[in-house]
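The block underneath contains the structure these notes are about, expressed in structure tokens.
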Amino acid sequence: MKKRMIAVLLIFVLVVGTAVPAAAAGTGFSDLPAGYWAGEAIRNVAGKGIVSGYQDGTFRPAQKVTNAQFAVFLARAFYPKEAKAYEDQGYGGSAPWYWASMAALRDHRILEGTAMGRDTGWPELGCDGEYVTRYDMAQLAYNIMLDYEQTGSEVEREVVHLRVGDWSEIPESYQDAVTACYVLRVLRGHTDGDFDGAALMTRAQSCVVIDRLGKGLGVTIGTGEHVQTGPAGATLLSGQPVTEENVKDLLQRVAAEWQGDIRGMTYASGNSSAEVQAVIWSYTDANGKKLSMTSGSDGYAALLSDRIFGRFGFPAGSWMTSARCGPATS
């Protein structure tokens with residue numbers, strides 16, 4: 001009996017001693033449950049050393065982010081070499097902990113149009129401890145897009161205001177920034193469709209923005225270097241670099257727009273369907289040429305290509321001889 005009790009106790013100690021909370025095992029942070037909406041972005045950004053958790057094993061995703069903290073996150077993500085150079089150089093006197101990151105961003109004009117850019121103190125800013133708003137977050141992200149010379153296509157920029165419920169409340173000085181952030185899918189708005197620019201950024205939201213911005217620009221966060229994908233300088237219609245993830249994102253947008261109906265009618269009925277003819281045949285390229293003069297599937301493939309890769313002026317009926325890259329892979 002005594003031996004049995006000892007064996008049971010040993011098993012209990014081994015099980016309890018080696019058990020790992022499910023959330024911690026799945027995310028690396030004890031306060032991020034499985035399936036948490038920002039979990040993947042947090043793991044990616046934290047894995048690159050851009051943000052970190054706390055000594056108690058938590059990440060505290062709902063905690064607000066100060067201007068200084070967000071500036072450091074951005075510098076680590078997109079300008080790590082410049083920030084490191086300032087750190088190695090030293091300020092030559094007493095300086096706040098964030099000064100090297102702030103200096104790197106200032107050199108690239110990333111702070112312009114924000115509370116940090118308007119602050120006259122240097123190297124210690126008066127607004128460093130204030131929480132960053134969604135307005136300033138969008139402006140900072142937009143300034144990085146400008147620095148990387150990618151702000152999205154004019155075609156998509158023209159319709160963003162239709163997707164933002166509180167567009168009329170966004171100050172004109174921030175509208176270009178908000179527009180670019182929506183085009184490059186850095187922002188997707190709240191569930192009610194509003195941007196809510198005066199709201200304060202959280203740690204989770206900051207990670208999501210940085211993760212999406214890096215992917216939208218085709219930049220490896222943590223190094224600031226471009227991802228080598230597709231032909232040099234090639235971009236999609238959205239203005240984003242040609243990557244598998246960005247192509248899939250645009251495909252999802254087109255699918256959502258057509259809600260799958262046209263695809264189903266296209267392959268089932270071809271051009272014999274009046275509904276397909278009304279949609280596919282009415283779709284023309286940049287030169288006014290009709291698409292899909294032979295079959296509905298060709299027309300839909302051409303539409304996909306032009307909505308993702310841009311219009312090249314080839315009629316869909318001749319795509320086997322004048323092929324777009326989109327139809328050939330669709």
Side-chain angles (χ1 to χ4, degrees), residues 23 27-33 35-79 83 96-102 104-106 110-119 121 123-144 164-166 169-171 173-174 177-178 181-182 186-214 221-222:
T27 65
F29 299 107
S30 60
D31 56 344
L32 296 185
Y36 184 66
W37 73 275
E40 182 179 351
I42 290 172
R43 286 191 294 272
N44 186 35
V45 176
K48 301 292 178 60
I50 296 166
V51 299
S52 58
Y54 292 86
Q55 291 184 344
D56 62 0
T58 62
F59 184 77
R60 305 178 193 178
Q63 184 170 296
K64 300 296 188 295
V65 176
T66 66
N67 284 312
Q69 290 170 338
F70 195 58
V72 171
F73 295 164
L74 292 177
R76 289 175 179 172
F78 299 100
Y79 304 100
W97 61 276
Y98 52 78
W99 84 271
S101 295
M102 206 72 75
L105 296 181
R106 184 183 63 173
I110 306 304
L111 304 178
E112 294 184 1
T114 70
M116 289 179 280
R118 293 186 289 267
D119 199 307
E124 188 165 357
L125 303 183
C127 68
D128 61 341
E130 297 174 5
Y131 296 125
V132 65
T133 65
R134 285 172 59 83
Y135 281 134
D136 271 5
M137 172 275 297
Q139 187 65 52
L140 290 164
Y142 179 53
N143 292 342
I144 292 175
V164 182
D166 57 349
E169 300 175 19
I170 300 175
S173 59
Y174 284 108
V178 173
C181 285
Y182 271 84
V186 174
L187 298 177
R188 299 177 184 175
H190 293 317
T191 54
D192 62 0
D194 288 350
F195 170 60
D196 195 15
L200 305 177
M201 290 289 291
T202 67
R203 282 168 57 84
Q205 292 170 340
S206 299
C207 289
V208 170
V209 165
I210 291 171
D211 184 57
R212 290 177 181 171
L213 182 57
I221 57 174

Checklist entry - Do Asn44 and Glu40 meet the criterion of a side-chain donor-acceptor pair at a distance under 3.5 Å? => result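 Their side chains do not contain a donor-acceptor pair, so the 3.5 Å distance test is not met.
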Checklist entry - How would you list, by chain and number, every residue that makes a salt bridge (Lys or Arg N to Asp or Glu O under 4.0 Å) with Glu124, sequence neighbours excluded? => result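 In terms of salt bridge (Lys or Arg N to Asp or Glu O under 4.0 Å), with neighbours along the sequence ignored, Glu124 is linked to no residue.
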Would you mind reporting whether [Y] and [X] have side-chain heavy atoms less than 4.5 Å apart?
{"X": "Ile221", "Y": "Phe78", "value": "yes"}
{"X": "Tyr142", "Y": "Val186", "value": "no"}
{"X": "Val65", "Y": "Phe73", "value": "yes"}
{"X": "Asp31", "Y": "Pro61", "value": "yes"}
{"X": "Leu200", "Y": "Thr133", "value": "yes"}
{"X": "Met201", "Y": "Val209", "value": "yes"}
{"X": "Tyr79", "Y": "Ile144", "value": "yes"}
{"X": "Phe195", "Y": "Tyr182", "value": "yes"}

If you round to the nearest 0.5 Å, how far is [atom2] of [Y] from [atom1] of [X]?
{"X": "Leu187", "Y": "Arg134", "atom1": "CG", "atom2": "CZ", "answer": "6.0 Å"}
{"X": "Arg43", "Y": "Cys207", "atom1": "CZ", "atom2": "SG", "answer": "11.5 Å"}
{"X": "Leu111", "Y": "Leu125", "atom1": "CG", "atom2": "CG", "answer": "8.0 Å"}
{"X": "Gln205", "Y": "Ile210", "atom1": "CD", "atom2": "CD1", "answer": "12.0 Å"}
{"X": "Tyr135", "Y": "Thr114", "atom1": "OH", "atom2": "OG1", "answer": "15.0 Å"}
{"X": "Lys64", "Y": "Glu130", "atom1": "NZ", "atom2": "CD", "answer": "15.0 Å"}

Of the non-hydrogen atoms in [X] and [Y], which two are nearest, and what is the gap between them?
{"X": "Tyr36", "Y": "Ala204", "result": "OH-CB, 3.8 Å"}
{"X": "Cys181", "Y": "Ala141", "result": "SG-CB, 3.8 Å"}
{"X": "Gln139", "Y": "Ser173", "result": "OE1-O, 3.6 Å"}
{"X": "Ala138", "Y": "Val178", "result": "CB-CG2, 4.2 Å"}
{"X": "Thr58", "Y": "Arg60", "result": "OG1-NE, 3.2 Å"}
{"X": "Ala75", "Y": "Ala83", "result": "CB-CB, 4.4 Å"}

Checklist entry - Looking at the rings of Phe29 and Tyr54, which for Trp means the six-membered one, are their centres under 6.0 Å apart? => result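 Centroid distance Phe29-Tyr54: not below 6.0 Å, so no.
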Checklist entry - Is there a donor-acceptor contact under 3.5 Å from the side chain of Arg118 to the main chain of Gly113? => result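 Checked: pair present.
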Next on the checklist: Can a donor-acceptor pair be found, under 3.5 Å and without considering hydrogens, that links the side chain of Asp194 to the backbone of Asp196?
Outcome noted: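 Absent.
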Next on the checklist: Quick one, Trp97 with Val72, criterion side chain to side chain contact (heavy atoms under 4.5 Å, CB included). Give me CA distance, side-chain angles, the key distance, then yes/no.
Outcome noted: CA-CA 9 Å; Trp97 61 276; Val72 171; 3.5 Å; yes
